[in-house]
Undergrad: 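Encoded as structure tokens, here's the structure I'll be asking about.
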Amino acid sequence: MMNISRRSPLFLLLLSSSSSGSCCGLQSGSRRLISGMKVFDRRMKRRQRSWSARQEDTELYDYLRDEVGSRLADRVHDVARTFPLALDVGGGKNHITQHLSKDVVERLFLTDVSEETLKRRRRGEIATHCVVADEEFLPFKENTFDLVVSSLSLHWTNDLPAALTQIQQVLKPDGVFIGAMVGGDSLYELRCSLQLAETEREGGFSPHVSPYTAVTDLGNLLSHAGFNMLTVDVDDVQVHYPGIFEVMMDLQGMAESNCAWNRRALLHRDTMLAAAAVYKEMYGNDDGSVPATFQILYMIGWKPHESQAKPAKRGSASTSFADLSKINKPIRKDDADL
Amino acid sequence: MSGSNVWTRTREKLRLFPEIFAQCGSEAAAYGKCVSATTTGGQELKKDLCAKEFQALKTCFTNAAKKRAK
């Protein structure tokens, strides 16, 4: 699979159906960090988001974004600071800052690639300016923002290192980036079911679930982008659905459909039937429902500033580890003045 | 795209999928077991390895669809 993605998309459509595959595990793993490489069709992603926003029942599909948005807002609250100017990258319908108050963030810039989504945003207390902008081409000057947040949109960027670098640049020194993206083993049930079904029915398989960043790579990516004092943690959100069809319908409603260049244009009915059977058998719950796992990676990174704690210089230690053994002994009389 | 065209008709048919699929539980389970047996280190999964089970599932599915359409 490693060389296939360097070829042109049309060639891949013809080639992928004849490749043979071994079982699950090929799709996940770290994303290729080659700059200039187009994994995703950004125009398609914009069209998918606009389509999703225009649906009448679009609210029904917001549950995942709302959940992650509220957890991100908690993390913003945990930082004991007020942020005069904040930026929400790929903010969509304003899932994060609807939970924040004017005391925490004074002014907000909300960006997304899709204008339709921005039009249907939730209203909160904070004065918001909407900007239609791509995550990789932020139209802001350096050292502008005190806070940048991003929820569930960075996993569709073509060049994640560049996007993180841009975020780092638009931050002021001592500014913070708090983000969440889908990563790791998300949707492994769907990926494996489709892979097995396609192999059995058609003799080969092509990727249906996009490549995700592994949590171990995220720390490296953030420090290469120039962030300090990193915090990365993983949260699993497991949603139960009646079946594979509902999983795919909800993903489409959430504007999370595949938009990778190497995606296959169609899914055979037989393969879909086979995948439904495999999903239910391999991952089904006792009550007949099937789970879909979203592994959300949360990251916090600070732009360097002199006031931040730095590692101490070598040789500056004033106590030794050998003193640990003296902790249990009573303090001498001349030290008692504490 | 407004009105009835091949895409709207196909989507409507597709929406019935879960309901019809629910009626073929045992065939689906048999096919699923056959495929998932390959993941536990038995045979390697090849094309049409579980063709018999899949045919049973497909027949059940088409019959249920026909009954539903009546």
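Not measured: the values here are computed from a predicted model. Chain letters run A, B, ... following the sequence lines, proteins first and then strands; every chain starts at 1.
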Undergrad: How about B:Asp48 and A:Arg201: do any of their side-chain heavy atoms sit closer than 4.5 Å?
TA: yes
Undergrad: Considering only heavy atoms, which portion of B:Lys46 lies under 4.5 Å from any heavy atom of chain A: side chain, backbone, both, or neither?
TA: backbone
Undergrad: Do other residues, nucleotides or ligands put more than 12 heavy atoms under 6.0 Å from A:Arg42 CZ?
TA: yes
Undergrad: Above 12 or not: heavy atoms from other molecules or residues under 6.0 Å from CD of A:Gln55?
TA: yes
Undergrad: Once rounded to the nearest 0.5 Å, what's the spacing between atom CG of A:Leu196 and atom OG1 of B:Thr39?
TA: 7.0 Å
Undergrad: Heavy atoms only: give me the nearest A:Ala277-B:Phe21 pair and the separation to one decimal.
TA: N-CZ, 3.6 Å
Undergrad: Which heavy atom of B:Phe17 sits nearest to which heavy atom of A:Leu273, and what is that distance?
TA: CZ-CA, 3.9 Å
Undergrad: Checking heavy atoms, do the side chain of A:Met249, its backbone, both or neither come under 4.5 Å from chain B?
TA: side chain
Undergrad: Determine whether more than 12 heavy atoms belonging to other residues, nucleotides or ligands lie under 6.0 Å from atom CG of A:Asp287.
TA: yes
Undergrad: When only pairs under 4.5 Å are counted, which of A:Glu246, A:Arg269, A:Lys280 shares the most heavy-atom pairs with chain B?
TA: A:Glu246
Undergrad: Just so I know, are the side chains of B:Val35 and A:Glu281 near enough to count as touching, which here means a heavy-atom distance under 4.5 Å?
TA: no
Undergrad: Can you say whether B:Ala30 sits under 4.5 Å from chain A via the side chain, the backbone, both, or neither, judging by heavy atoms?
TA: neither
Undergrad: Is A:Glu200 reaching over with its side chain to a backbone N or O of B:Leu49, donor-acceptor style, under 3.5 angstrom?
TA: yes
Undergrad: Residues two or more places apart in sequence or in another chain: which of them pass side-chain hydrogen bond (donor to acceptor under 3.5 Å, both in side chains) with B:Lys58?
TA: A:Asp270
Undergrad: Using a 4.5 angstrom heavy-atom cutoff, name the option from B:Gly32, B:Cys34, B:Ala22 with the most pairs to chain A.
TA: B:Gly32
Undergrad: More than 12 heavy atoms of other residues, nucleotides or ligands under 6.0 Å from NZ of B:Lys47: is that the case?
TA: yes
Undergrad: Side chain, backbone, both or neither: which part of A:Glu198 has a heavy atom under 4.5 Å from chain B?
TA: neither
Undergrad: Could you check whether atom CZ of A:Arg54 has more than 12 heavy atoms from other residues, nucleotides or ligands sitting under 6.0 Å from it?
TA: yes
Undergrad: Please determine, among B:Cys50, B:Ala29, B:Gly25, the option with the most heavy-atom pairs under 4.5 Å with chain A.
TA: B:Cys50
Undergrad: Answer yes or no: are there more than 12 heavy-atom neighbours, outside B:Arg9 itself, under 6.0 Å from its atom CZ?
TA: yes
